[in-house]
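Let me begin by presenting the structure, written as structure tokens, before commenting on it.
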Amino acid sequence: MQIFLDTADVSEISSRLEAGLVDGVTTNPSLIVKAGADIFEAITQICALVDGPISAEVVATQAEGMIEEGKKLRAIADNVVVKLPLTAQGLIACRALSDEGIPTNVTLCFSVNQALLAAKAGATFVSPFVGRIEDMGGDGIGLLEDIRRVYDHYGYMTQILAASLRSMAHVEAAAMVGCDAATIPPQIFDGLVKHPLTDKGLEAFLNDWAKTGRNGLK
Ligand code: E4P
């Protein structure tokens, strides 16, 4: 499963690249505002830091404007993925950009029907919003599972990008149901490596090793 960081904050990204675990980045207008960044500057910097797909979202609401903005964002770098809302106009823009070979991420997906349409419009990624579905008392992981089943059944190539993930359990579940990618807030990303038994086990190993009197492996 590809791991994307869900942030527009360049410092949050650059400090997490060393182990080569980050395959891409997703942003949205709210994350750009939260980072206090200019969208063009932020996307330029992020694209230079990370080779993989970097989602940058349009803010126009009509297809024509979305296509224009999408091309402007795509001109920043070859790894920009144009993020479009899952609306009728967004799907028109998705089809037009896809036909020109521009990768797209259709976002704000809350149902199987919407995901089906995104795939038919040629989306590269579809982003189902797990956390926001759960906020409404729905089954976000169930939606991921259902979309996986439908895409596999018809052989759609659109990649399922689990979004709006709020916990490590969400990430685990996204992987278990076979999502192609998950976009993860930096703090949750940091938690993925942690397990109390790893810490406890390592402490015991090191304590035992200290009894040998050796300094490391010297
Ligand atoms: C990423 O593509 C989405 O915009 C993001 O995951 C939404 O997360 P939120 O529901 O926590 O705002």
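Counting starts at 1 for both ligands and their atoms, in listed order. One is the number of the first residue; the rest follow in order along the sequence. Everything numeric here is computed off the predicted structure, so don't read it as measured data.
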My understanding is that only residues two or more places apart in sequence, or in another chain, count here; which of them pass side-chain hydrogen bond (donor to acceptor under 3.5 Å, both in side chains) with Asp190?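 side-chain hydrogen bond (donor to acceptor under 3.5 Å, both in side chains) check on Asp190 returns Arg16.
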
Mind checking what makes side-chain hydrogen bond (donor to acceptor under 3.5 Å, both in side chains) contact with Asp99, not counting sequence neighbours?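 Asp99: side-chain hydrogen bond (donor to acceptor under 3.5 Å, both in side chains) contacts with Arg95.
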
Is any NZ, NE, NH1 or NH2 atom of the basic residue among Arg149 and Asp146 found under 4.0 Å from an Asp or Glu carboxylate oxygen of the other?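 Salt bridge present between Arg149 and Asp146.
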
Return all side-chain donor-acceptor pairs below 3.5 angstrom for residues 168-189, not counting sequence neighbours, or 'none' if the list is empty.
{"unit_1": "His170", "atom_1": "ND1", "unit_2": "Arg166", "atom_2": "N", "d": "2.9"}
{"unit_1": "His170", "atom_1": "NE2", "unit_2": "Glu134", "atom_2": "OE1", "d": "2.8"}
{"unit_1": "His170", "atom_1": "NE2", "unit_2": "Glu134", "atom_2": "OE2", "d": "3.2"}
{"unit_1": "Asp180", "atom_1": "OD2", "unit_2": "Arg148", "atom_2": "NH1", "d": "3.0"}
{"unit_1": "Asp180", "atom_1": "OD2", "unit_2": "Ile160", "atom_2": "N", "d": "2.7"}
{"unit_1": "Thr183", "atom_1": "OG1", "unit_2": "Asp6", "atom_2": "N", "d": "3.4"}
{"unit_1": "Thr183", "atom_1": "OG1", "unit_2": "Thr26", "atom_2": "OG1", "d": "2.5"}

How many angstroms lie between CG in Leu144 and CG in Leu161, if you round to the nearest 0.5 Å?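 CG of Leu161 is found 10.0 Å from CG of Leu144.
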
Supply the atom-to-atom distance Ile102 CD1 to Glu100 CD, rounded to the nearest 0.5 angstrom.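 Answer for the CD1-CD pair, Ile102 versus Glu100, is 5.0 Å.
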
Collect the protein residues that have a non-hydrogen atom under 4.0 Å from ligand 1 and hand them over in chain and number order.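 Residues Asp6, Thr26, Asn28, Lys83, Phe129, Arg132, Ala163, Ser164, Arg166, Thr183 each place a heavy atom under 4.0 Å from ligand 1, listed by chain and number.
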
